[in-house]
Amino acid sequence: MLNLNSLNPQQRRAVETLNGPVLILAGAGTGKTRVITHRIAHLIARGVAPRNILAITFTNKAAREMQQRAAQLIPRRTTADDSSHRPTICTFHSLGVRILRQHIERLGYKRNFVIYDEAEQLGVVRKILAQISAKGEKMDPAAVLGFLSRFKNGGENSAASAGENVRALAQHVRTRYESALRACNAVDFDDLILLTLKLFAEHPDVLEQCRAKYRYVMADEYQDTNGTQFQLIRALAEKHHNLCVVGDDDQSIYGWRGAEIGNLLNLEKHFPTVKTIKLEQNYRSTNTILLAANAIIKNNERRRAKELWSDKGTGNKILLRAFPNDEDEARSIVEQIEFARLAHRTSWADNAILFRTNAQSRPLETALRQAGVRYHLIGGQSFFDRREVRDFLAYLKMLINPHDDISLLRIANVPARGLSDVTMERLLASSHEHKCSVFSAMKNPLVQIIFQRKTRESVEAFVEFIERTHALLLEGIASPRPLETWTERFLEETGYFDELRRSEKNPEEGENRVRNLRELIATLDNAGEPSAPAAGRLQCFLEDVTLDAEREEDKEKASDAVTLITMHSCKGLEFPRVYIVGLEEGLLPHSRSTVEGTLAEERRLFYVAVTRAMHTLAISHCAGRKRYGTLIPCHPSRFLKELPAELIEEPESTPVSQERGKNLFAALRSGAGLETAK
């Protein structure tokens, strides 16, 4: 029997309110994941079949944590290998994949569609722009792609912030972009939800099947949903109304990528009988930190009122410091981190430095390196962005779906096999002329005949390699680890491992790239259900990689290191000691906020940053900040005035006190101890 005695009264009410629409307003650090997982377990304990429960969140990391914690609460007999005995806990995009894999043929696609990530989408846009651009004209493919995404997710209004030239160009590009993806039997991230909605609209029986399956729907981080995600949730819950959304409007900080705070604030318009339950007891921070956070966010007018509190005591006052420049700011923070480590035995991993823009990390990284302090910059190059990994994934995608132009063009001549850039450009042009994929053009005798004999033989050999390797995948390989065997075979045949070794001036670097690839290959046979065909499990592997960009970040963060992270990336995290830097006008709030009318979101961003701190919080600003080598004057952020004076400690910053602090720090590092420092 599920024990709910560990929950506080508000959490328990949220768990036990099972039928009808429910809004759980979960303030920062109030245990929302605990509530969601207990709610899932309670539904099952009350007789709801696990297969009838759907919980949606935004990241694979959050979904995995939720799955693991729910599994600990659900009796073993309901978590058997058969997926019908497990609740569906996944991201919005993963849900779209699940539905489309079953029904996308009704929309004219094949079930083995591939999902293009951002790099592949940019590749499509670049190709289109190259065809329509005037000579010498430069256009930003990322800006065009960003507009396309905003337009697809929210229509004209959400894309209105784009410049007129970008808007006109993107509207012209959109039709070509969608045609290019469809020709490759490919979809992008936005399509995973948009095509699901199209499927529901054009085939109501599919929607009814989904409604019958998902009789209880929960949505986490509801304040971050965009227009299409809201439509998906509403479509599933519109008849049975068993919808539970969990969110916090005070942590809505992703408006720039389409999140609509109105989805949470206006929930009653769509579900008039909704019951609202507030979670206000915080399990993370001291009351000093929470009182400061409450005082900041109260200045936003359009919000649902809540007051965070904690039983963790008052705690230390918030340290507020001003510095002459960003280099002094960085140096002082590193000294504070090292002082705490040496004097109080804190670890580097206890510390996080939060900033508004990526450019602010440079002086911080410099100071940390000079002091020999290990650090992890979140947002650095992912394992899956490395050249050898992207090449390998392109091979896999192309061998599953040979009509995936982007993947084929990436690896057609890697390693070199007589398919030069000129040859591939001619093949690409022929594919446009014949309105087919590049692979189809390669197989077309009318296209092959335009090439010299040697080039034609290279094209024919490549086609034969693709078809033979593709057939091996479909037929299956008699081996304990079929995908690993199949992969090793085609990579050896292509000479790709040797290519990696040759391509690096440093032999060790080449071997590192080979090792990276072999590590990844060794995981292929762990994907999907063990009983599924090899091709299906490979598809599961690619979906997991494409939809989940966080796994390497988690590995790197595991070591003892200071975390450097932007405020937008820190939501959902917590650290014993937090340093928020750059509280200056133009940085926070950002200079764009006045023009774009996003001051309230900037304040929410500050609120999120403050509520990451568990025990100690330090905030700093500078009188000047270097840009391109020039010291630019800065002014304190208006948000600093919203901090209650009684919660703030402003240490003396005279030359004498600064010198004494340096002497104390130096003595500790040399092992002389506190007494010598005095």
Side-chain angles (χ1 to χ4, degrees), residues 1-57 62-63 65-79 85-90 211-223 225 233-234 236-251 263-265 267-268 270-284 304-311:
M1 189 68 181
L2 183 67
N3 186 355
L4 302 181
N5 292 334
S6 62
L7 303 175
N8 69 40
Q10 289 73 32
Q11 290 176 330
R12 183 159 184 162
R13 184 179 163 218
V15 166
E16 293 179 331
T17 307
L18 299 180
N19 296 309
V22 180
L23 167 60
I24 301 174
L25 276 177
T30 55
K32 67 180 179 63
T33 304
R34 181 180 179 81
V35 168
I36 295 170
T37 52
H38 274 74
R39 198 171 190 274
I40 291 170
H42 189 56
L43 280 165
I44 294 170
R46 295 292 297 270
V48 176
R51 65 180 176 276
N52 295 143
I53 299 170
L54 169 66
I56 317 175
T57 187
E65 181 186 356
M66 213 175 282
Q67 289 164 356
Q68 292 163 2
R69 291 172 65 172
Q72 294 170 359
L73 299 171
I74 301 170
R76 284 181 179 269
R77 61 184 173 80
T78 63
T79 57
H85 293 292
R86 297 196 298 265
T88 300
I89 303 174
C90 63
R211 284 174 173 167
K213 180 178 181 180
Y214 303 126
R215 297 175 189 170
Y216 288 84
V217 178
M218 280 174 272
D220 188 20
E221 301 288 6
Y222 191 67
Q223 76 281 347
T225 54
I233 292 170
R234 186 181 179 188
L236 292 172
E238 201 162 24
K239 279 196 173 178
H240 55 62
H241 278 211
N242 291 328
L243 172 66
C244 173
V245 301
V246 185
D248 180 9
D249 52 311
D250 291 337
Q251 296 187 77
N263 291 343
L264 188 149
L265 294 176
L267 190 62
E268 287 87 351
H270 306 284
F271 297 93
T273 60
V274 64
K275 299 169 187 171
T276 301
I277 301 168
K278 295 182 183 181
L279 304 183
E280 297 173 298
Q281 182 176 356
N282 177 284
Y283 291 91
R284 175 187 299 154
R304 292 179 181 258
K306 63 189 78 69
E307 291 278 339
L308 295 181
W309 62 277
S310 166
D311 62 5

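Any value given below was found using the heavy atoms of this structure, including those in side chains, with hydrogens, waters and symmetry copies removed.
Here the CG-CG distance, from L23 to L243, works out to 9.5 Å after rounding to the nearest 0.5 Å. Distance check, rounded to the nearest 0.5 Å: NE2 of H42 to OG1 of T17 gives 9.0 Å.
The backbone N or O of A14 sits less than 3.5 Å from a side-chain atom of R39, completing a donor-acceptor pair. In this structure, the side chain of N282 engages the main chain of A28 through a donor-acceptor pair within 3.5 Å. The closest donor-acceptor contact from the side chain of Q10 to the backbone of E280 lies at 3.5 Å or more, if one exists at all. In this structure, K278 contributes its side chain and E307 its backbone to no donor-acceptor pair below 3.5 Å.
Residues P87 and L43 fail the side-chain proximity criterion, which asks for heavy atoms closer than 4.5 Å. M218 places a side-chain heavy atom less than 4.5 Å from the side chain of I53. Contact of the H38 side chain with the L4 side chain is registered, since non-hydrogen atoms from C-beta on lie closer than 4.5 Å. Considering only heavy atoms from C-beta on, I40 comes within 4.5 Å of I89 through its side chain.
For H240, there are no ring-ring contact (aromatic ring centres under 6.0 Å, His included) partners two or more places apart in sequence or in a different chain. With sequence neighbours left out, the side-chain hydrogen bond (donor to acceptor under 3.5 Å, both in side chains) criterion links Q251 to D248, R612. Taking R12 as the reference, E16 meet the salt bridge (charged side-chain N to carboxylate O under 4.0 Å, His left out) condition, with sequence neighbours excluded. Every residue meeting the salt bridge (charged side-chain N to carboxylate O under 4.0 Å, His left out) condition with D250, not counting sequence neighbours, appears here in chain and number order: R303, K306. By the side-chain hydrogen bond (donor to acceptor under 3.5 Å, both in side chains) test, Y214 pairs with no residue at all, sequence neighbours left out. With sequence neighbours excluded, the residues that form a salt bridge (charged side-chain N to carboxylate O under 4.0 Å, His left out) with E268 are R304. The side chain to side chain contact (heavy atoms under 4.5 Å, CB included) search around T273 returns P21, not counting sequence neighbours. With sequence neighbours left out, the side chain to side chain contact (heavy atoms under 4.5 Å, CB included) criterion links R69 to T33, R34, T37, E65. Checked against side chain to side chain contact (heavy atoms under 4.5 Å, CB included), K239 has the following partners two or more places apart in sequence or in another chain: E208, R211. Residues passing the side-chain hydrogen bond (donor to acceptor under 3.5 Å, both in side chains) test with E221, sequence neighbours excluded: K32, Q223, K571. Contacts of D311 classified as side chain to side chain contact (heavy atoms under 4.5 Å, CB included), with partners at least two apart in sequence or in another chain: Q281. With sequence neighbours excluded, no residue satisfies side-chain hydrogen bond (donor to acceptor under 3.5 Å, both in side chains) with T30.
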Between L25 and L264, does a side-chain contact (heavy atoms from CB on, under 4.5 Å) hold up when you go through it step by step?
CA-CA 9 Å; L25 276 177; L264 188 149; 3.9 Å; yes
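Closest non-hydrogen pair, N19 versus Y216, comes out as OD1-OH, 2.9 Å. Between I233 and A219, the shortest heavy-atom contact is CD1-CB, 3.6 Å. Scanning all heavy atoms of the two residues, the minimum distance from L308 to G27 falls at CD2-CA, 3.8 Å. Residue A212 comes nearest to N52 through the heavy atom pair O-ND2, 3.8 Å, listed as atom of the first residue, atom of the second, then distance. In terms of heavy-atom proximity, C244 sits nearest to I24 at SG-CD1, 3.5 Å. Among all heavy-atom pairs drawn from V15 and V35, the shortest one is CG2-O, 3.6 Å.
Among I277, T57, D220, L279, the one residue that satisfies the side-chain contact (heavy atoms from CB on, under 4.5 Å) test with V246 is D220.
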